[in-house]
Structure formats: C-alpha cells, structure tokens
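Sequence positions, counted from 1, serve as the residue numbers for this chain. Just so you know, these numbers come straight off a predicted model, no measurement behind them.
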Amino acid sequence: MPASEVEGSRLMPVHHMRPGDHAFVSYGDGESRSQIMATYAWLGVARGEKVTIYADPRLDEREMRHAVHARGPSMAPALGRGQVEFSTMRALLSPDREFTVRRQQSRLAEETERALHQGYTGFRAFIDMAWVADLNADVAVVIHRETHADHLFADGHYSEICAYDRRWFARGVLDQMAEAHPCRLLDRLGLLSITAADGTLLVIGEADVSGRARFTGGVRAALARTDRSALLTIDLSRLHFLSLGCATDLLALAAVGGPRLSVACSPLMARTLRRLGSDALPQLALIEVSRQC
C-alpha cells in the first residue's frame, strides 16, 4: 500500500517541510510551539528563504527572539539583514482592522513577491493562530480560508505553518483545521509515530536512543502479524533521524526470518543500512526515497 493511503501518512516532522507546503500543528505549551517555530525558521534561513513569524499577539518580540535564540545559533545576522522578521496578523492586515480572507491572502502573496524580488529563494510564514481571538475572527471563516488557500502554494515559493493552541481551540475545530491542511506536523521535536495498516508500517519522526524500544517493538509486532509468504513494507521515508541502534535492531529482526521486507528510506539511511549488512539479507529490499529540501 502506498504511504499516502496509510492513516497518518500526511503526518511528518517539521524538518521534512518543503517549499510550497501548507502545514497544521497544534501545541499545548509554549515550549513545544517554540521548538517547531525555531526549527522552521532556521531551516528557512539555511535554504535562503525569507522568514516571517506572525507571533501570538500576547507576546512581545523580545520573547519571540529569545525562543528562537535559545534553540539555535545567534539570530542576529539573519535579523540584521532582514531575512527573519517578527510581526503580527494585525500588522499584516493593516490598514484594515478586520480579518478577511481576501485581504490576508493578498498580503501574503505580496510578501512572497517581495521576498523573491529581494533575492530570496522563497517566503515562509509561521502563523500563530492566537490572532483569531485577538481579531475576534469568525472561526468558520478561518476554516474556509484554510480550505481555499491552495493558490498561495501552487508555485512552491510560499510555505506556511498554522499553529493552533489546544488550550484555546475546541477539539472539533482542531479536527477540522487538521483535516483542512495537506500536511500535519508532529507537535514536538524527538517524537516517534508508528502506524500499521494493511501490510505497511509507517514510521515518522525521530528513531533515536529514547525511541529505540518503541521502534524495535513496532517492527517486531509488524513482523509477527505478517504472514511469512507476504510482503511487509516498512516506510522510513518520513523519519528525520534513524539511530545506529534502531538500524541494527531492524536488520537483526529481519535476519531471524519471516516475511519479505521492503524498506523505504532516504538515500542516507539506505547507505547506513547497507554498511550494516543489509545486502546480505536476501529477504530485504531497500527502496531509496528522496525528498526535496
């Protein structure tokens, strides 16, 4: 079964966001929000994109700068050359005082064009949806915006994270918003998600030391559920990190015997698995999956 058909296949770590992606993330505390925001900003800087953080209006710029500074190198050079900016939805919509879909989308399109004109490779926005309460916006209108924004992303020059506070938005609204976005993000760095369905084990996030037991247990359980004459696909293409321990465990389980295995992974992970001896396992085939970064 293709990964896109597996439940949870729209889920990915923030590191896998590509130019033109439109992603949903929810958070339950400031730390998890800051992790995603800072990582997203720094990836944009590394890719030569203009980055604007439309922050929670309850926070001042100093708090936002600190949140980014605390999780990476100094932001001063990027701020100094104007590559990273902090703003608010009120400022984006100005001089209008009320939110309208047309006004917001036209201003984001203008910001994208401005970034390209300035020589950046694209424009990315982190939008804290706390602005909805600040501007007293109609949630139904916001949902309409999220489901009618494809044109903003069509040429791959604009990408966006919409971050929703689970403490403020109702569960039903969060579910609708999550469904409205083509991509959903793990809400914290270092998480590992494992989903099994119809012959496919989809592994997402980071399979590091802390997640080794869960990773190994998930693979072992999938092998046990699969008929020996069948094919089990282990999709690692949405992993940001695969530790040597997890890679070794995967090959050790495959070597015991069982169903045929097809392991989809990045070229880097494929090289690691080959160096650990995957080519000596005739029942295991590696499929290299490249993602544009």
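- For the pair Tyr120/Gln83, a side-chain contact is recorded, criterion being any heavy-atom separation below 4.5 Å from C-beta on.
- Side chain of Ser34 to main chain of Gly30: a donor-acceptor pair is present (N/O by atom type, distance under 3.5 Å, no hydrogens or angles).
- The residues Arg103 and Glu110 are annotated as not salt-bridged, no charged nitrogen and carboxylate oxygen being separated by less than 4.0 angstrom.
- Thr121 places a side-chain N or O within donor-acceptor distance of the main-chain N or O of Gly48, the cut-off being under 3.5 Å.
- A 4.5 Å side-chain heavy-atom check between Leu232 and Leu223 finds at least one atom pair inside the cut-off.
- Counting heavy atoms from C-beta on, the side chains of Leu108 and Tyr158 come closer than 4.5 Å.
- A salt bridge links Arg166 to Asp187: at least one charged side-chain nitrogen sits closer than 4.0 Å to a carboxylate oxygen.
- At a threshold of 4.5 Å between non-hydrogen side-chain atoms, the residues Leu284 and Val263 count as touching.
- Between the Thr39 side chain and the Ile36 main chain, no donor and acceptor come within less than 3.5 Å of each other.
- Remark: the backbone N or O of Leu192 is paired with a side-chain donor or acceptor of Arg214 at under 3.5 angstrom.
- Scored by the side-chain hydrogen bond (donor to acceptor under 3.5 Å, both in side chains) test, Ser210 finds Asp208 as partners (sequence neighbours excluded).
- With sequence neighbours excluded, no residue satisfies side-chain hydrogen bond (donor to acceptor under 3.5 Å, both in side chains) with His117.
- Residues passing the side-chain hydrogen bond (donor to acceptor under 3.5 Å, both in side chains) test with Arg171, sequence neighbours excluded: Asp175.
- Aromatic ring orientation, Tyr164 versus His181: perpendicular (interplanar angle above 60°, classes split at 30° and 60°).
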**OP:** Begin with the C-alpha distance, continue with both residues' side-chain angles, and end with the deciding distance and a verdict on side-chain contact (heavy atoms from CB on, under 4.5 Å) for Ser278 and Leu286.
**Re:** CA-CA 8 Å; Ser278 65; Leu286 297 180; 3.5 Å; yes

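- Heavy-atom contacts from other residues, nucleotides or ligands closer than 6.0 Å to CZ of Arg167 number more than 12.
- No side-chain heavy atom of His157 sits under 4.5 Å from any side-chain heavy atom of Phe123.
- Residues Glu179 and Arg10 are paired through a salt bridge, judged by an N-O separation under 4.0 Å between the basic side chain and the carboxylate.
- For Arg275, the CZ atom sits in a loose shell: 12 or fewer heavy atoms of surrounding residues, nucleotides or ligands are nearer than 6.0 Å.
- Taking a cutoff of 4.0 Å between a charged side-chain nitrogen and a carboxylate oxygen, Arg188 and Asp29 qualify as a salt bridge.
- In this structure, Trp131 and Phe99 have tilted ring planes: the angle between them lies in the 30° to 60° band.
- Side chain of Ser243 to backbone of Ala207: a donor-acceptor contact under 3.5 angstrom is found.
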